[in-house]
Amino acid sequence: MKQIIKNIIMITIMSILSINAYGEETKTPLTAKANDKLKIDIVSDVVCPWCAIGYKRLSQAIEELKLEDKVEVSWHPFELNPEMPREGQNADKYLMNKYGLSEERLKQTRNNVTELGKEAGFKFDYFKEMKKVNTFNAHILLDYAKEFNKQTELKVRLQNAYFGERKDVSNREVLFEELQAVGLNAQEAMTRLDDPKAIKHVEDEEKFWRDQGVYAIPTIIFDNKIAQVGADEVTTYKEILTEMLKTKQ
């Protein structure tokens, strides 16, 4: 447990934006929700490779501990590239310019990520024409999906579409198809993309997490008490979950 504590960032969050439907805002304590389940909040982006790997490992930990019915996962928005234009940019050029990477170094990094993804059960299919895209609309739709308990299902679908199926998850036609794929009312959901209240909701929640000091993703918050930043090993998640569940007994 010492090693876990060493890697954990302790956080105190007095309140969080609670937004019902898609617009009404109130301040409410995080502990106000009556629920015996272990609450897991994940701040992440659809196009973040470490978020995909991290959730795969967390899911494995939950499955191996047989905790599927004892945890409640909620997703929160974070944009890796908030200024990205709607048409996107070539991923290779963008990353090499942003981080000062050589083509060879970028290739090595992606090979490493691809191998780690394979070990976790997630497919990465990088290609020359791949784009970095704007994900704001995806976050609006994830907020919509939460109302129907399909947020995780849509999140995973969008991650697979972007990284494994060469799809542009900023494209409205693609988003429409992925909504249908998880059994959501795609026509109703797509109206949210142009709704001022839905847009403000996501903007407010993004700001909230930035104000709390979330600067790297995935940030996974367990029961509003501890936050783990990055994609940890399955064993680490299992130890955290086991310790957190002891406090609920």
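Side-chain contact of Gln151 with Tyr144: a donor-acceptor pair under 3.5 Å is absent, judged by distance alone. In the model, Trp75 has no side-chain atom that pairs as donor or acceptor with a side-chain atom of Ser44 under 3.5 Å. At a cut-off of 3.5 Å, with distance as the only test, a side-chain donor of Glu205 or His76 sits close to an acceptor on the other residue. Of the N and O atoms on the side chains of Asn134 and Ser170, not one donor lies less than 3.5 Å from an acceptor on the other residue. Looking at Asn81 and Tyr94, their side chains do bring a donor and an acceptor atom within 3.5 Å of each other.
Residues Leu193 and Arg172 have side chains in contact (heavy-atom distance under 4.5 Å, counting atoms from C-beta outward). Between Lys70 and Ile62, the closest side-chain pair of non-hydrogen atoms is not below 4.5 Å. No side-chain heavy atom of Glu115 sits under 4.5 Å from any side-chain heavy atom of Arg110. Side chains of Asn185 and Phe148 form no contact here, defined as non-hydrogen atoms less than 4.5 Å apart.
The two residues Phe78 and Val43 make their nearest non-hydrogen contact at CB-CG1, 3.8 Å. Heavy atoms only, all atoms of each residue included: Ser102 and Met96 are closest at C-SD, 3.9 Å.
In this structure, Arg57 fails the cation-pi test against Tyr237, since its NZ or CZ atom is not both closer than 6.0 Å to the six-membered ring centre and inside 45 degrees of the ring normal.
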